[in-house]
Every structure is written in structure tokens, then in C-alpha cells.
Amino acid sequence: MFPLADGVEVLDVGARRFAWNGRTGRHVAWPDDDVVSPALLHRLAGEGMVRGVSFDLASLVPCRGWLAMWIGDVLWHADPLSTGAGGRGWRALPLAGWEAALWAHVNDARTVAEIASALDRPIDEVLAAFSRLTAFGVQAVQLRAGRPRPGDEGLRRQLVAPPTPAAREAGMYDERGATALADWHRDIPSARRHFDDVETTVAHALELPHPGLGGRAYGEALGRLFYRRGWLSGRVVEVGPGSGAVAEGVLRAAPGLDYTRVELAPALLAAQDARLPGTRGLLGSATALPLPEASVDFLFANEVIADLESVPGREGWINTGAQAFLAEIRRVLRPGGHYWLSEFGTVDGEAEEAAALGHPEVSIQFGDLAAHAASLGLGARVEPLAEAIGLDLAAPQLWRGSYEGLRAYLRATGRDIEARAWHPGNLELPFPVDGLHWTHLADRGPGPLVTHFYAMGSA
Ligand SMILES: C[S@@+](CC[C@H](N)C(=O)[O-])C[C@H]1O[C@@H](n2cnc3c(N)ncnc32)[C@H](O)[C@@H]1O
């Protein structure tokens, strides 16, 4: 084997191979045939990974990863080898005595030598303590040649880790390879925490009033959009209302509406019944609506159509379930009636299966779906969801990784946190946290990425 410096090892992680420097928390891609080219040798030497080539660790700058936080009196960090549909597993790293002060001194600018001097410890002791934070299984800190460049996101937001395996159960596809999620939805055991842990929606993430919506919740913003467009009169039907949060908001914008809910999951229908007195609930499917022909003035479905069937075709996925739903919408709408659908997807690109979810939702190809709507004689205006509801994408929210870390810590101590787009005005934590990160609504937060969502409805 090539003469690697102490603390350097070649690791196989998933399909990737790299040399890991346990003293700095840095890595370099390693060739499958173990042949070290002159260019690779140069890189390895520059990262202090070659035995006999001198390398000054004391002058390096320790930089924080965003997937580590000091919570209460313990350093919590994401585990590179534990990942699933809900995010990464997190663990506590016990640090005692003066070592516990190390994290507070890491500010992406001070060198190891400066930190050692501030702590009044020998450099070798400080480097040994850092090696616990830079270990492959921790990755809380990297020792770098200088400050990270602005926008050097890789260092902060990601771990060197194998890819998340797609979590799938038998029966989620049929014999054609089409997605088949009806039974999975019918078996949802309870509304409680389903939208926090299993399928968080934009509506759920924005169920609390948010500055990005002028201090309103998502459902109310949607209700105001429908009201402005003149769609909230006569018989209104919502398909797939989930927790009932959207209905609650729409009814706040237009109290006293004639409101019917159609829901496939009995447990969710029961939760909606309890939450929404004065509305009518029907057990049934979007693709076989339990409603008479020409009986509805306005029908909408928020984040439902990716749950319907998609079939793999020669040129990519076809959203056959959403097409069947449109045919049903055409059947039940009164002449002059309106509809509105929202979902994650694309207008020009290809529909794709979302690998990170625990069930195979396929994104919507809105260009094709709009053409299908037109062929049925339905108008089809497609617009980015954020634009439709006037969502300010620059408004703040808690960064996804920080949410996962807080959730892990709270669960380990018998508590929990809902998957909301928390912002500095409403996240109150009864313990100190050093390393929490805020971002904005166009970035990854506790809910889905809202910039991937479109709305399609009557023109
Ligand atoms: C992703 S959730 C969205 C919930 C809610 N609309 C929201 O935005 O938070 C999908 C909802 O549609 C329901 N659903 C899934 N397939 C359905 C179908 N074929 N017919 C009716 N409802 C369905 C689910 O049970 C759930 O209530």
C-alpha cells in the first residue's frame, strides 16, 4: 500500500472509495485500482496524507459542519452511516472538561495554534481532541488551510456518506412497475404525526402563521387566492384533505362555505371530521369520485396527485392517475365550474420518482398534464405555487439539518418537534443551542422544497 500518513485510511462507503484523513476530517477520492498518479500524489500531499511529507496541522483553521450542534451540554452530530426516509440519525459525542470548550472556540477563522493558546493547552493535546471531532463517524469539524469561501456549502451541509437507500415495501408497485399507493394510504394508522414523520406537505410545514405569507397560514393564503379568483361559492369539494389544516384555513377565509371532503384514508377522514364541524366527509377516491355528474362548483386537491398512479413508459413516467382524476373532475364540475391542483413536479423536464420518501411518489409533468386537461375541455393555467399564493421565498425558516438535529435530541429526551417552517419569531427552545442554522423558504427546511411545486387550475 502507498505510504499514507498516520491517521489516514482508505474507506469504501457505498459505491465510493476515498482516502480519509482522520486528523483533519478531509477526504480525497481514491482510485479503484489503488494506482496513485502524480496528480493524486500532489493532492494527497496538500492534504497532509502522505507519510514523510511535512504538514503543519497547527496552522489549519477548524471549521464547523452544520450537521453538528452543541445542545444543552452535549455535542450532537449527524451519523454518516445512519440515514433513512426521515433524515439522518444523530448521536451525542461525550466530551468532558476542557475538551467541551473546544466547540465554542471553533469560529471558522481561528487556527489550531490560536485555539490552543486561548485554552492554554499544548498543541498536540488540542489536535488529539480535534481528532474526535474530525473522525469519519463524527464529521463535526474540518481542519482547513484557510477560512471557507463564501458559498462553500459542501463543507457545511453534507457529510461524506453513502447514498440514502430508497425505502420501499412490497405492494407499492404493480406488475407493470406502476406506483400503487392506494392500500398504503388506506392503512395510514393515525393522523397524529403522519404529516411530521411520513409525508410532510407544504401545507403542513406552513400550518402556523408565517412571515413569508404576511403572517398567515398556508390554508388561509390558499383560501384568499380562491376567493380573489371568485371560486368560493356554491358547492366546494376538497380531495385528499389530510390533517384538515388546509380546509380550516380556507374556511377561515370564507366562513360558512358548503364544503365537502373526499378522502381515501379512513383514519384521516375521522381526524378531519373531528377538526372540521359543519363540513361533509366522504370516503372515496380521486379517480372514482363519490359525487354525481355536474354537481360541484369548485374542486381542489393540495398535494394529492403525486400519490395517484404513475406508469413507467418508454419516454419516462406518465402520470396516469392524475389524468384519470382530471377526467373525474370534468365529470363532476358544473358547466362554468373551476378546479385547482398543486403538487411537486416540472413543466418542461421529466417526471421522476422521489427517492428520499419512504413511498414511491412520482413528480407531476405539468406540461403534459395541462395538455391532457385541455384535451378534456378543461382550462389549464400552470404557475409556480409560491407565485400563486404570494409566498416570499426570502422569508426565514429553520434549515433542514438543524431541524433533524433538534428532533433527534428532543426524541432522545422524551419530547418531539413538529415539521414546521419554524422561524426566529416562533421557535422557542427551553435549552441553549450553539450551531443552529437558519435559511430561507427557497432552501431546504423541515417541509418539502417549495420551489419544486406548481399549481394548475382553471384559467
Ligand atoms: C400528501 S397528503 C396531502 C394532504 C393535504 N392535502 C395537505 O396538503 O397537507 C395526500 C392526501 O391525499 C389522500 N389520498 C391519497 N390518495 C388518494 C386518492 N386516490 N383519493 C383520495 N384521497 C387520496 C391521502 O390520504 C392524504 O390525505
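We count residues from 1, following the sequence as given. Every number for a ligand or one of its atoms is a count from 1 in the order of the listing.
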Would you confirm whether the ring centroid of W340 sits within less than 6.0 angstrom of the ring centroid of F226?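 Judged by ring-centre distance (under 6.0 Å), F226 and W340 do meet the cut-off.
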Would F298 and H338 count as a close aromatic pair, with their ring centres under 6.0 Å?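 No: the rings miss the under 6.0 Å criterion.
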I need the atoms of ligand 1 closer than 4.0 Å to a non-hydrogen atom of [X], numbered in the order shown.
X: F195; result: 2 (S), 4 (C)
X: L268; result: 25 (O), 26 (C), 27 (O)
X: L264; result: 16 (N), 17 (C), 18 (C), 19 (N), 20 (N), 21 (C), 22 (N), 23 (C)
X: A265; result: 25 (O)
X: A286; result: 18 (C), 19 (N), 20 (N), 21 (C)
X: G284; result: 20 (N), 21 (C)
X: E199; result: 1 (C)

Flag [X] as yes when one of its N or O atoms lies below 3.5 Å from any N or O atom of ligand 1, and as no otherwise.
X: A203; answer: no
X: L308; answer: no
X: E263; answer: yes
X: S285; answer: yes
X: T201; answer: yes

Given G240, G242, A182, G447, which has its nearest heavy atom closest to atom 6 (N) of ligand 1?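 Checking each option, the heavy atom nearest atom 6 (N) of ligand 1 is found in G240.
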Shortest non-hydrogen contact from L75 to A140?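 Taking L75 first and A140 second, the nearest heavy atoms are CD2-CB, 4.2 Å.
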For G313 and I318, which heavy atoms make the closest approach, and how far apart are they?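 Closest pair (atom of G313, atom of I318, distance): CA-CD1, 4.3 Å.
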From Y409, W76, W70, residue fulfilling ring-ring contact (aromatic ring centres under 6.0 Å, His included) relative to F431: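 For F431, the ring-ring contact (aromatic ring centres under 6.0 Å, His included) test succeeds with only one of Y409, W76, W70, which is Y409.
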Hey, can you pull the donor-acceptor pairs under 3.5 Å for the side chains in residues 299-309, sequence neighbours left out?
residue	atom	partner	partner atom	Å
N302	OD1	Y218	OH	2.7
N302	OD1	S342	OG	2.9
E303	OE2	V202	N	2.7
D307	OD2	H185	NE2	3.3
E309	OE1	T320	OG1	2.7
E309	OE2	R176	NH2	2.7

Just wondering, do R147 and D108 contact through their side chains at under 4.5 Å, heavy atoms?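 When only atoms from C-beta onward are counted, R147 and D108 do not touch, as no gap falls below 4.5 Å.
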Check: L326 and L378 side chains under 4.5 Å, non-hydrogen atoms: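 Result yes, sub-4.5 Å side-chain heavy-atom pair found.
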Check if S342 has a non-hydrogen atom at a distance under 4.0 Å from any atom of ligand 1.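 Per 4.0 Å heavy-atom rule, S342 does not contact ligand 1.
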Quick one: does ligand 1 sit under 4.0 Å from the side chain of D307, the backbone, both or neither, non-hydrogen atoms only?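 It is the side chain that touches ligand 1; the backbone stays farther off.
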For ligand 1, is any non-hydrogen atom under 4.0 Å from S243's backbone (N, CA, C, O), its side chain (CB onward), both, or neither?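 Answer for S243: neither.
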Could you verify whether a donor N or O on one side chain and an acceptor N or O on the other, from R156 and H437, lie under 3.5 Å apart?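 Absent: no donor and acceptor within the cut-off.
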Test side-chain contact (heavy atoms from CB on, under 4.5 Å) applied to R420 and Q397, H204, H210, the passing residue: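 The residue from Q397, H204, H210 that satisfies side-chain contact (heavy atoms from CB on, under 4.5 Å) with R420 turns out to be H204.
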Among all protein heavy atoms, pick the one closest to atom 8 (O) of ligand 1 and tell me residue, atom and distance.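 Sorting protein heavy atoms by distance from atom 8 (O) of ligand 1 puts N302 ND2, 2.8 Å first.
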Just to confirm my output: which protein heavy-atom neighbour is closest to atom 1 (C) of ligand 1, and how far is it?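 Checking every protein heavy atom, the shortest distance to atom 1 (C) of ligand 1 gives E303 O, 3.1 Å.
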Salt bridge flag under 4.0 Å for residues R411 and D197: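 Salt bridge: yes.
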